[in-house]
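Working notes, beginning with the structure itself.
In each ligand, atom 1 is the first atom listed, and ligand 1 is the first ligand listed.
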Amino acid sequence: MKLFLDTAIVSDIEERLDTGLIHGITTNPTLIKKSGRDPWQVYSDIIELGVEDLSIEVNGDTSKELIANGVAVNKNYGNVATIKLPCTIEGLKACKYLSNIGLRVNMTLVFSVSQAILCGLAGATYISPFIGRMDDNSLTGLSLIADISKVYKKQFINTIILAASVRDVQSVGKAFELGADICTIPPKVFDNMAKHALTDVGLEQFNRDFLA
Ligand code: E4P
């Protein structure tokens with residue numbers, strides 16, 4: 001069971017990394033755009049913080065382009081970089097190639113068990129089912145985690161289930177319960193995981209009693 005942070009804001013990562021509870025970072029083109037910064041600079045800054053697993057999405061219409069861009073990312077950032085590829089036929093072909101040469105691949109935008117099967121067969125290190133976006137579209141994201149987990153267990157597939165598009169703390173617990181290996185979460189969700197109203201009330205009482 002591991003937690004990744006889903007953000008391209010370097011200060012947000014820096015503030016939380018020293019908890020020792022975060023094992024990786026995921027980014028995507030939208031998060032990079034929101035940061036307002038040069039992507040390569042963002043990746044370098046994140047790696048400088050000591051992050052050991054950083055998902056970097058690459059662009060391309062063909063497997064050839066995706067492979068070339070994935071190899072370029074690996075040349076730049078070495079093994080810290082996990083190459084993030086879209087779950088399309090071209091992405092799957094690129095996944096197979098890059099996994100075969102020993103690179104970690106994170107297959108993103110996964111919305112079905114059949115896609116997860118293909119990612120497993122392509123040797124993906126991670127698959128990212130997008131829970132929140134499924135819920136946005138009246139599908140049940142958490143059920144997908146359970147379904148993929150059942151198939152992977154039964155078929156001895158080693159691909160790691162990285163629950164993505166997680167928007168609240170309840171979904172984190174449920175995703176792990178249903179078979180996610182990792183949840184990638186926004187910084188705010190990470191902060192909220194530690195909070196409970198009864199903890200605050202109890203602590204106030206204990207602090208008063210310390211002084212009594
Ligand atoms: C994961 O890899 C994605 O970056 C992310 O979780 C997408 O989340 P969203 O659906 O909230 O944009």
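Atoms CG and CD1, on Asp181 and Ile161 in that order, are 5.5 Å from each other to the nearest 0.5 Å.
Protein heavy atom closest to atom 4 (O) of ligand 1, with residue, atom name and distance, is Asn28 ND2, 2.7 Å. Among all non-hydrogen protein atoms, the one lying nearest atom 11 (O) of ligand 1 is Arg167 NE, 3.0 Å. Taking atom 7 (C) of ligand 1 as the reference point, the nearest protein heavy-atom neighbour is Phe130 CE2, 3.6 Å. The nearest protein atom to atom 5 (C) of ligand 1, hydrogens excluded, is given as Asp6 OD2, 2.8 Å; this is a heavy-atom distance. Of the protein's heavy atoms, Arg133 NH2, 2.8 Å lies nearest to atom 12 (O) of ligand 1. The single protein non-hydrogen atom nearest to atom 8 (O) of ligand 1 is Ser165 CA, 3.4 Å, given as residue, atom name and distance. The protein heavy atom nearest to atom 2 (O) of ligand 1 is Lys84 NZ, 2.6 Å.
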Report all side-chain donor-acceptor pairs from residues 146-155 shorter than 3.5 Å, counting only partners two or more places apart or in another chain.
{"residue": "Ser149", "atom": "OG", "partner": "Lys153", "partner atom": "NZ", "Å": "3.4"}
{"residue": "Tyr152", "atom": "OH", "partner": "Ala116", "partner atom": "O", "Å": "2.6"}

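The aromatic rings of Tyr43 and Tyr77 sit perpendicular to each other, their planes meeting at more than 60°, with 30° as the lower class boundary.
Tested against Arg167 for a salt bridge (Lys or Arg N to Asp or Glu O under 4.0 Å), the candidates Asp136, Asp135, Asp6 yield a single pass: Asp136.
Checked by atom type, the side-chain pair Thr82/Asn106 shows no donor-acceptor distance below 3.5 Å.
Minimum interatomic distance between Ser99 and Ala122 (heavy atoms only, all atoms of both residues): OG-O, 3.8 Å.
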